[in-house]
Amino acid sequence: MNFRNLSAWSIRNPVVPIVLFIGLTLAGFLSFSGMKVQDSPDIEFPGVIVVINQPGAAPTEIEKQITQKIEASVRSIPGIDNISSTASEGTSQTFVQFAIGTDINGAVSEVKNKVDQARGSLPEGILEPQVFKAENNEVITYFAVAADDMTMAELSWFIDDTVAKRLLAVPGMATVERRGGVNREITVTLDPARMQALGVTAVQVNSTLRQVNVDATGGRAEVAGSRQSVRVLGNARTAYDLSQTQIALSGNRVVKLADVAEVKDSYSEIDSIAKVKGKQVVTFGISRARGASDVSVYDGALEEMKKIEAERGGKIHFTQLFNSVGYTKAQYHSSISSMIEGAILAVVVVFFFLRDWRATVVSALAIPLSAIPTFWAMSLLGFTLNTLSLLALGLVAGVLVDDAIVEIENIVRHIRMGKTAYQAAIDAADEIGLAVVATTFSIVAVFLPVALMPGVSGQFFKNFGGTVVASVLFSLAVARMITPMVAAYFLHSSGHPEHGTPRWIERYMAVLHWTLDTTKAEAYRRGIVRQPRRGWYPLVLVAHLLLALAAFAMGMGGAAQGLGAISAPPVLVPFAGLAAGGLAGWLMVSLFNRFIGWLGGG
């Protein structure tokens with residue numbers, strides 16, 4: 001069985017294609033209900049970031065003692081395209097960019113191993129190095145928080161301790177980043193006069209706090225016949241507990257930290273302030289995780305914040321400052337509406353030309369039976385409902401019915417020849433099968449390379465090209481299996497009907513005949529004028545193509561140079577090149593056509 005007799009087989013065995021497309025339609029509905037709605041597709045950049053902090057170090061020291069050594073250690077990793085670093089006060093950040101297609105998880109492991117190997121040559125005062133992959137977690141919304149019964153420090157701590165934890169429990173939430181407010185900090189202010197009187201140095205205080213104020217493991221012990229873990233809790237619970245820390249001095253002397261310093265539970269220096277309507281507030285932004293839906297994360301966050309407001313008795317107020325999810329929702333609804341409107345208009349146009357409601361219904365079945373299973377294919381390919389995939393669905397809304405129109409029109413033509421609907425469907429579908437397949441695969445040949453485009457841009461257009469290819473392949477299956485089968489059992493044979501041509505068709509044909517000069521054709525037909533030999537006509541077609549391509553290339557180059565001379569925006573260069581190339585190609589081909597006409601006898 002091939003594509004030419006697939007239709008005849010479907011007509012004789014209608015149960016199989018019906019069951020097949022019922023299953024595909026159900027799978028499409030289930031996949032559509034579970035698909036994520038996003039503004040843009042998830043893009044994985046092959047990059048790894050290394051961040052190392054050394055509090056108090058100058059940028060020059062950071063560069064020489066940390067940045068250069070990290071760059072030298074990771075440079076030997078295969079697959080690296082570029083390494084860029086930034087050295088600022090107390091922080092070194094290195095971005096390692098890998099080639100497209102590199103396994104990013106393996107790259108993170110290799111970079112981490114290299115950083116661990118170089119750890120021995122780094123300064124002792126650094127904090128634990130952070131190695132993580134670069135992710136494009138864009139903030140989808142910002143909120144401002146105000147409280148009637150909290151200070152700025154209490155409100156900041158409330159967001160960090162309560163709001164952030166509650167929101168991170170929402171499925172798909174990636175980060176909750178606070179901006180503004182203050183950070184809690186336990187400050188220890190040394191008194192130089194008391195320190196000098198008691199013989200205490202700042203080094204001794206710092207060393208004692210680092211060694212004592214820490215929670216550590218204490219091994220395992222047997223308690224009541226069972227082995228349990230033991231922990232040593234040395235971390236102070238309050239600022240007062242920290243002030244009672246004892247500092248050992250020479251001569252078996254001991255002093256308390258409160259004797260030489262003032263310990264306060266305070267906050268760090270304010271480096272950013274957020275205000276709404278002149279009132280100081282604390283703001284935070286949320287971002288979704290990779291593969292999550294913008295809409296579901298946003299809606300879940302709103303519900304959780306309403307619960308927090310209710311639990312606090314209305315004393316906490318959340319004000320939305322920025323929101324990109326509204327645009328995503330509007331884009332989704334607009335794309336779905338446009339796709340439905342396009343499908344309806346396509347059905348109307350089909351009825352306008354076929355003038356048969358039964359044939360129109362058969363053709364219209366191709367749109368839902370092609371579009372709905374496409375969602376199942378998108379789900380298998382890992383696509384989401386984003387800008388590019390929705391654009392592809394809107395683009396092919398009218399294309400999906402093309403193959404079915406070709407099939408049904410040929411079937412109707414055979415019915416008007418006097419055949420039964422059953423026999424007409426078999427003969428017409430087998431007659432035009434290869435043409436329908438060729439038409440569909442010409443579209444596939446255009447959009448499949450778009451879906452397989454390499455690079456970061458290819459990760460964007462994969463959703464677009466893959467959606468178009470999947471939908472037109474489903475439309476081919478519908479046109480070869482469902483359309484002839486439904487036509488064979490749904491259309492009615494009316495014998496040899498009288499062909500009453502509408503008046504607008506007659507006027508159109510009259511205008512068409514008036515615009516065409518058929519005198520030479522009639523002369524050739526009657527043998528009055530000797531027909532030229534046509535063995536070299538294929539060469540003429542090839543020459544046409546080469547001349548058009550050459551003219552287009554010349555136009556592109558000339559337009560680019562011309563625009564470069566006048567410093568036009570770069571976005572105009574392709575369009576100007578297209579216009580110039582098209583004009584040059586039209587002039588050269590027109591001249592060539594006149595020359596061919598002169599060779600043919602004037």
Side-chain angles (χ1 to χ4, degrees), residues 1-31 343 346-347 350-351 353-354 356-378 380 396-445 468-495:
M1 180 177 63
N2 51 39
F3 277 107
R4 296 197 62 176
N5 55 27
L6 177 62
S7 299
W9 179 83
S10 299
I11 293 171
R12 297 188 181 98
N13 304 275
V15 176
V16 177
I18 290 175
V19 172
L20 173 63
F21 274 89
I22 288 177
L24 290 175
T25 304
L26 291 177
F29 275 120
L30 293 176
S31 299
V347 173
V350 170
F351 178 76
F353 282 95
L354 292 182
D356 185 346
W357 71 271
R358 291 180 177 271
T360 303
V361 170
V362 175
S363 301
L365 283 175
I367 298 178
L369 292 181
S370 303
I372 296 176
T374 301
F375 294 114
W376 174 66
M378 293 171 61
L380 292 180
V396 300
V399 178
L400 298 180
V401 76
D402 288 352
D403 294 340
I405 291 175
V406 174
E407 294 271 1
I408 199 65
E409 194 279 333
N410 202 36
I411 293 173
V412 170
R413 184 177 65 86
H414 277 262
I415 290 177
R416 290 175 178 175
M417 294 169 57
K419 300 179 182 179
T420 64
Y422 187 90
Q423 188 60 41
I426 293 177
D427 295 343
D430 290 345
E431 180 182 72
I432 207 168
L434 290 179
V436 172
V437 173
T439 302
T440 301
F441 275 93
S442 65
I443 300 176
V444 173
V468 173
V469 170
S471 59
V472 297
L473 288 179
F474 278 119
S475 72
L476 173 63
V478 172
R480 298 304 297 143
M481 300 176 68
I482 298 298
T483 301
M485 183 267 295
V486 176
Y489 296 99
F490 186 68
L491 295 184
H492 287 172
S493 177
S494 55

key: Nearest heavy atoms of Ala404 and Ala479, plus distance in Å   = N-CB, 4.0 Å
message = I want to check something: taking the side chain as every heavy atom from C-beta on, are Val436 and Leu476 in contact at a cut-off of under 4.5 Å?
response = yes
task = To the nearest 0.5 Å, tell me how far Arg358 CZ sits from Ser363 OG.
result = 14.0 Å
message = Return the CG to CD1 distance between Leu26 and Ile372, rounded to the nearest 0.5 Å.
response = 9.5 Å
message = Looking at Tyr422, is its backbone amide N or carbonyl O close enough to the side chain of Tyr489 to form a donor-acceptor pair, meaning the two atoms are under 3.5 Å apart?
response = no
key: Heavy-atom closest contact (Trp357 atom, Phe490 atom, distance)   = CZ3-CZ, 3.9 Å
ask   = Is it true that a side-chain atom of Ser370 and a backbone atom of Ile367 form a donor plus acceptor pair closer than 3.5 Å?
value = no
request  = Taking the side chain as every heavy atom from C-beta outward, state whether Met485 and Ile482 have any pair of such atoms under 4.5 Å apart.
outcome  = yes
query = If you round to the nearest 0.5 Å, how far is CD1 of Ile426 from CD1 of Ile11?
reply = 5.0 Å
ask   = Is there side-chain contact between Asp402 and Thr439, with heavy atoms separated by less than 4.5 Å?
value = no
message = Within the 4.5 Å heavy-atom criterion, are Pro484 and Glu407 side-chain neighbours or not?
response = yes
request  = Flag the pair Leu400 / Phe474 as yes when at least one side-chain heavy-atom distance between them is below 4.5 Å, and no otherwise.
outcome  = no
note = In short, Phe375 meets Gly28 closest at the heavy-atom pair CB-O, 3.7 Å
query = Is the count of non-hydrogen atoms from other residues, nucleotides or ligands lying under 6.0 Å from Phe29 atom CZ greater than 12?
reply = no
task = Give a yes-or-no answer on whether the side chains of Asp403 and Thr440 include a donor-acceptor pair shorter than 3.5 Å.
result = yes
Exam field: side chain Arg480 to backbone Leu6, donor-acceptor pair closer than 3.5 Å = no
query = Taking the side chain as C-beta and beyond, is there a heavy-atom pair between Pro17 and Ser10 under 4.5 Å?
reply = yes
ask   = Any side-chain heavy atom of Val16 within less than 4.5 Å of one from Met481?
value = no
ask   = Hey, are the side chains of Val478 and Leu365 touching, using non-hydrogen atoms and a 4.5 Å cut-off?
value = no
ask   = So, Glu431 versus His414: side-chain donor-acceptor pair below 3.5 Å or not?
value = yes
key: Gap between atom CG of Asp427 and atom OG of Ser7 - 0.5 Å precision   = 11.5 Å
message = Tell me if a side-chain donor or acceptor on Asn410 pairs with a main-chain N or O of Val406 at a distance below 3.5 Å.
response = no
